[in-house]
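By convention in this document, chain letters (A, B, ...) are assigned in the order of the sequence lines, proteins followed by strands, and residues within each chain are numbered from 1.
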Amino acid sequence: MLLEARGITKAFGSFKAVDDASVTLEHSDILGLIGPNGAGKSTFFNCLTGDLKTTSGRVLFEGRDITDFAPELRAGLGLARTFQVPQTFEGMTVLENVMIGAFLRTAHRKEAETKARAVLERVGMSRLADAPARSLGTPGRKRLEIARALATEPKVLLLDEAMAGLNAHEVKLAIDLVRDIHRSGITLVIVEHIMEVIMSLASRVMVFHQGKEIARGSPREVTSNPAVIEAYLGKRAAKAAAGHTPVELMGGPDL
Amino acid sequence: MSGALLRIEHLEVRYGDLIGVSDVSLEVPEGSVVALLGSNGGGKTTTLNAIAGLIPVHSGTISFRGEDIAGQKAFAIVRKGLALSPEGWRLFVQQSVENNLMLGATPLHDKSRQAALLERVYEIFPRLKERRNQRAGTMSGGERQMLAVGRALMSDPKLLMLDEPSLGLAPAVVESMYETFGRLHREGLTILLAEQSIELALEVSDFATVLQVGKSVLSGTAAALAEDPQVQKAYLGAG
Amino acid sequence: MSFVLVQVIVGGLLLGAVYALFSSGLTLVWGMMNIVNFAHGDFVMLGMYVAYVVYTLMGGGPILGAPLATLVLATVGVVVYFALIRDIMKGPMLAQILGTFGLALLLRYSVFWWFGANFLSMPQNIVGGTYAFAGLRIEASRLLAGVVALLVTLGLHLLLTRTSLGSKMLAVAEDQTAAQLMGIRPDTMQAIAWAIAAGATGLAGALIANFFYIVPTVGETLGIVAFVTVSLGGFGSVPGALVAGLLIGVIESLSGYLIGAIYKDIVVYVLFLLFLWFRPQGLMGKM
Amino acid sequence: AGARAEDKVVKIGVILPMSGGTASIGAHAKAALEVAMDIINNAHPELGNLPLAKNAGLAGLGGAKIEAVFADNQGNPATGQNQALRLITEDKVAAVFGSYQSGVTLTSSAIAEKYGIPFLNSESVAANLTERGFKWFFRTTPIATDFAKIYVDFLADMKATGAKTDAIALVHDNTEYGTSVANTISTAFKEKGQPVALDVAYAVNATDVQGQVLQLKDRKPDVIIMISYTSDAILFAKTMQSLDYKPAILLADDAGYSDPSFIKAVGKISQGVFNRSSWVVGPPGSASAVIADMYKKKSGEEMDDTVARQMQGFFVLADAIDRAGATDPAKVQAALKATELKADQLMIGYRGVKFDDKGQNILASGAIIQLQDGENYVSVWPKANAEKPPVLPYKGW
Amino acid sequence: MRRWIWLSVVVAIAIAYPLLLSSPFQQRLGALVLLYAIAASAWNIVGGYAGQVSVGHVVFFGCGAYAAMGSYAKFGLSPLFGIPGGIVIAVGLAAIIGVPTLRLSGHYFSMATIAVAETMRLIVTNTDWLGAAVGLSGPTVPRNIFDLSFLSSLPYYYLFLVILAITLFVTWWMTNSRMGFYLRAIKDSERAARSLGAPASRTKLYAYMLSAAFTSVAGALYAMMFGFVDPESGLGILISVKILIMAALGGAGLLFGPLVGAAILVPLEEISNSWLGGKGAGLTFVLYGAIIVLIARFQPGGLLSLFTRRRKPSADPGASHAP
Ligand SMILES: Nc1ncnc2c1ncn2[C@@H]1O[C@H](COP(=O)(O)OP(=O)(O)OP(=O)(O)O)[C@@H](O)[C@H]1O
Ligand SMILES: Nc1ncnc2c1ncn2[C@@H]1O[C@H](COP(=O)(O)OP(=O)(O)OP(=O)(O)O)[C@@H](O)[C@H]1O
Ligand SMILES: [Mg+2]
Ligand SMILES: [Mg+2]
């Protein structure tokens, strides 16, 4: 088992943003995490990465209890993430942003740069390498965050709405990218409100509502669950999800 | 078609030496919903920000109800009846949800309508009402989006500009939000919408303009654009 | 508790109220609007000189001096905002230190040039001497300063938390661009903030002049206490600064009396540091 | 050297605090030295025995005029040293005079020593200044050991007249001046078998001294010896009034209590304070009275001890240059070493001026004055030159 | 290439200056510029690059100054021997101060450093062993060359130049290393930097300690040149402010910013004091203050930012994302 969270609770004052949530992540899983706004998905994420101290519960990584580890230690172990509200290094270029990630595995500037360029190439941003990061729009920033995270050579990558703000065409390209990442041996947890992403990528889905898990299963099971439709999907999206056929190949048939 | 509320001609905007948009023209007829389409970095945000006065216009004209507003300060433009829900939300993260909404009502001349407008926002986004005293900086991503849109609605604008309003919202919320836009539209509100979910955008809007690399390359009625093979290929993933 | 100790604590509270009073303006511009003002102490000094000039030229006591100092300093605040602060705010925080430090020297030595370096003083007992009850002695001028400190703090607190003006000022402090989208003119709000802050500072100076000496460099003596007060209270909290001022006053008084006056500042600084260790956001500051 | 002697002006570098917290000292001293230059450079027969007054200019240099080149030390030892260097190398001054704060005197005189230029100090009291083995450094002012002796003797006399002087409290700031003087005084009293009962030290430029006054009020010493600069002296006076505290004898050690601003600000509530001073205005028509008048005309202030000591020091330096007959540093140094001025050749109450091997004036002395009416100090001790008898107890307000 | 030309010009000017402007006062000015440039460059490491605005850096300055003077006054050694001691004390102190204060955000950090510096000043003022308020003096008459007590400022000038070069080289090397990248990242978003594995606290602490070491050297050299240190001139908060002002004026976070700041402010201060100080009307500081205000007003990012801002980003991102 790669990553395991047991009974995570996170309270802000009397309000429990995450309430006794557990999850296990096997090697080469793609776990989808969905739920209404404010359900506690990002909070749960932050508890896994160490950005927030859990109120109770444990986090295990490769069998090791990392509950009290600082975020940078977890990154060192191979846990990488992106932020829902992009945390770009505004004063740097795109390349330098990615180099920060690459520096985790090498202290040499040249090596870090080479690696950062390779990662940028892989995510399709190499032409932007020398542009100031502050000139990117939200979608660009999110992609940059993916690149940065990849540069740390993670075992597990947690994506918090990394595809928000992309149009349908771009979403497809992004899905391909994530598949490619997955194929290279990285286990993923993705939070998305774009159902197409969940439907085509997730091997398992977990649904949050008011800090609690209300459903889990395959994408298809979950999206046809009436409780999920009621709390989260709405009729229109449920219909769209129902019509969705998972695709396995890059550039295959689409919705 | 009634008269144009907003008309942009050959807008060029620069960020220092970089060109944000090079040549954008578009028209927003009074009472219509206009969608601004285009891929990542196409210039949608730049255009909206330029209209709102957040970034200086390099050349071109922006006329709002016949008055050229290019070059005016943002606070003055907003007071004329434009409101923008900007990219990245730009909330006042240290202040409460309700304070944020009340700040949105600043340009309102008739302060007595504040309460009613607040109720309207709370009706569209009940979550905001639940969290009215929470600090905006602790809200979830989707909650922030609701707040940004709600705040823009608070000034009861003549022209509502929305930069990717559905970003980060749960599907059910998007659905109800768009229903609300439809209702507001029927009540006479003019909306200029930049939206990544093009299918959805074309569904609610009357007209649309496509931006490509900082230029407006296509415009027409929403229905016509939805059929346009070029649009289908580039944005709707067809082919 | 011995009787002297009571007098020491009362003295400390009055002193603390004075600290709170001359920090109130700084709480607004530094604590709330996020602008470091190294010239704050010199604004206090200007207020003192205005009161002194009013007294020597017009024979007016605090009744005339205090409101005039408030007005004059409010004007200075607005001028300083438009002539300097507005532009240095475009730069990094260091530019604010740079600019206001230069401003401090400019103000201090302009006054020096005009008035000379001699120590000046308002007549003793200008505000009704000293009250004595049950052997406890309270100077009227300090009491007045203390009461005004409470009123100013309360006023600022209400302004910032209860009025839309306050909310707009905070909005501008947080994000000028976003504030513009609300139809708020940032310059207006900032100028108002500076007017209020400098006005309160001038008022403080005028009241402190009633029991302190007046000299161009007096701002240096007072300025650093104001800095500690504001940060101990927590940036962004007006009541915090009041409580912090009172606390520092009492700690200084007590440690000065019990341990020795040369150690009282050490005690204050060390307690301040310890406090930050346990509460990095100050007494009442937001995270 | 010959070429220099023919110059019509002799430049003396003067380093003073002209900005910062002690700037008023610099301003007063500047006015006083300008008066001194007037006296030296023009004929002032009315000043009698005072060297250099009678005729215009320095007779020994063919009537050459003295010119003081003023420099601001900003109260900072580094700045003082830089200015000393500038005065010596750029302005080519014949001697350096200054620098008030002991720390600044220390660094600026070190440069003069390295360049071999005479340095005359008239007001810094730190003992170590004359312990450095310098050959070019001379000091005219009395120092802490002299003060201590004055206080011991004065209080013994007061005791003889029936005053209670058993419990002595020292109040002083933590500057070099405050601590070193306090230490010396407390040692002197201990040697007399009367150790100081209470030592109240405070940080200079205090914002508040209520605690200290209460401490005194609580312990009720018979005598308080105050060693404070002007700012704190004013604050103490105000606080003592508001807390209604008066010791029987309040004895101040010069500094702040001599500052005319102190008298203007709080003289009325400090009536009867004793002060140590070497400056005593003689009867009308006497040299010191004339000089006091000239100074008042120039600056608008009353002459005080600090200023008078500076002025006297400047006269001593000018006299040495005059006697040297040249601006050649070695000759001026020799003349300084040979200085032997009698009490009647001085404008101040020293017993004379004569330097020991270390450059310290061994004839420096002082008197006690009292602010009897709250406006002007009068000399009250020693009896020989007293204008009025001392009045006890301390009246305050 | 252009950079190398510029660099050689700067180095050539620096080497030639005291030979061209050779009066003792001019040489001393030059030496002082370099001395303050060392201190301001050292501050720049933590204040400019790491974005931690320390207003209490004078404690490290004081460590060096007191160690140098102490090694003479207390042990009869050459002040030179105080330098390593000063570095050790400063670095140790930086670790002790840094651990609790570096986690404070923004203004709290600045205020905490002020509190530490003032506490140190007050403690030393009341410590007889360290000379209390009187301070410590160096050798007034040099016993040998190691006492580093020269009449001419020329040896100081070149000594300072070498040490400044070392400081700048180390700074340059740091900014191009992983540490420099991490510092910049932490300055922008500590949260993101940590999520990418940057040990934020440790990196900031190292920068703080490095900065303390160089500041201490500057303090030691300062005390040696003036032959004296007391609590006010070795630990006074005004020195911190002066150092910070120089870095900010030239351009904080830029390699040569502090040097430019020192090269403007030191002569401005000394020359205006020489011209106007003797008049006793405070005009020195009116002028000094006015010039600082004007620079802050018209070039808030520091004078050097005038040149760096103009550099264009090499790529045009607008062109790269066509569908
Ligand atoms: N510091 C805090 N204090 C109070 N409430 C908080 C705090 N931080 C987060 N919350 C609340 O916790 C809830 C969970 O937030 P979280 O960001 O985890 O939601 P989410 O599931 O990621 O939603 P979204 O899909 O909108 O991103 C939200 O309602 C949010 O308002
Ligand atoms: N602050 C900035 N500085 C420099 N260039 C910028 C800046 N903001 C945007 N740009 C550039 O302007 C162009 C238009 O960007 P804009 O953000 O307006 O596009 P968009 O259509 O809103 O895209 P997105 O889907 O990413 O939001 C892009 O090339 C972008 O790189
Ligand atoms: Mg979220
Ligand atoms: Mg955009």
Side-chain angles (χ1 to χ4, degrees), chain A residues 46 49-51 70-83 86-109 112 124-137 139-140 145 148-149 151-154 158 167 169-170, chain E residues 47-52 99 102-103 171-207 251-254 257 301-302 305 308-323:
Chain A
N46 289 334
T49 56
D51 261 67
E72 59 264 33
L73 275 181
R74 301 189 200 205
L77 291 177
L79 198 60
R81 56 111 24 113
T82 67
F83 293 93
Q87 304 277 317
T88 319
F89 303 126
E90 300 275 321
M92 298 184 174
T93 63
V94 167
L95 176 71
E96 287 169 336
N97 262 275
V98 182
M99 283 170 71
I100 297 296
F103 271 125
L104 180 60
R105 306 290 172 208
T106 171
H108 297 290
R109 186 185 164 158
M125 287 181 88
S126 49
R127 266 189 293 185
L128 287 165
D130 294 312
R134 93 186 92 81
S135 71
L136 298 179
E145 292 218 344
R148 280 193 326 203
T152 66
E153 298 177 5
L158 309 167
N167 67 36
H169 176 72
E170 291 160 344
Chain E
Y49 292 104
Q52 301 282 323
V99 169
L102 281 168
R103 42 173 214 128
T171 309
W172 174 82
W173 174 81
M174 184 206 78
T175 55
N176 281 292
S177 73
R178 171 158 77 173
M179 181 170 160
F181 274 79
Y182 274 177
L183 282 179
R184 281 167 62 202
I186 292 164
K187 189 169 147 184
D188 276 351
S189 167
E190 180 161 339
R191 191 165 165 221
R194 294 181 67 181
S195 84
L196 296 171
S201 321
R202 208 179 342 137
T203 310
K204 281 193 282 186
L205 188 63
Y206 289 165
L254 302 171
S305 66
T308 50
R309 285 271 159 73
R310 277 214 215 112
R311 256 196 285 140
K312 292 180 192 169
S314 40
D316 182 8
S320 59
H321 245 48

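- Both the backbone and the side chain of A/Arg148 come within contact range of chain E, each with at least one heavy atom under 4.5 Å from a heavy atom of that chain.
- In this structure, A/Glu96 pairs ionically with E/Arg184, as a charged nitrogen and a carboxylate oxygen lie closer than 4.0 Å.
- Results of the side chain to side chain contact (heavy atoms under 4.5 Å, CB included) test with E/Leu196 over A/Ile100, A/Val98, A/Asn97, A/Leu104 single out A/Ile100 as the only residue that passes.
- From A/Glu72, atom CD reaches atom OG of E/Ser201 across 6.0 Å, with rounding to the nearest 0.5 Å.
- For a residue to count as touching a neighbouring chain, one of its non-hydrogen atoms must lie under 4.5 Å from one of that chain's; by this rule A/Thr82 does not touch chain E.
- Among the candidates A/Gly50, A/Ala107, A/Gly101, the residue making the largest number of heavy-atom pairs closer than 4.5 Å to chain E is A/Ala107.
- At a 4.5 Å heavy-atom cutoff, the contact between E/Ala193 and chain A is made by backbone and side-chain atoms alike.
- Distance check, rounded to the nearest 0.5 Å: CZ of A/Arg109 to OG1 of E/Thr175 gives 8.0 Å.
- Only the side chain of A/Thr152 comes within less than 4.5 Å of a heavy atom in chain E; its backbone stays farther off.
- When side chains are defined from C-beta on, A/Phe83 counts as touching E/Ser195, because their heavy atoms get closer than 4.5 Å.
- Interface residue A/Phe103: backbone and side-chain heavy atoms are both found under 4.5 Å from chain E.
- Only the backbone of E/Ala198 comes within contact range of chain A, with at least one heavy atom under 4.5 Å from a heavy atom of that chain.
- Residues E/Arg191 and A/Asn46 are in side-chain contact: their nearest non-hydrogen atoms beyond the backbone lie under 4.5 Å apart.
- No more than 12 heavy-atom neighbours from other residues, nucleotides or ligands sit within 6.0 angstrom of CZ on A/Arg134.
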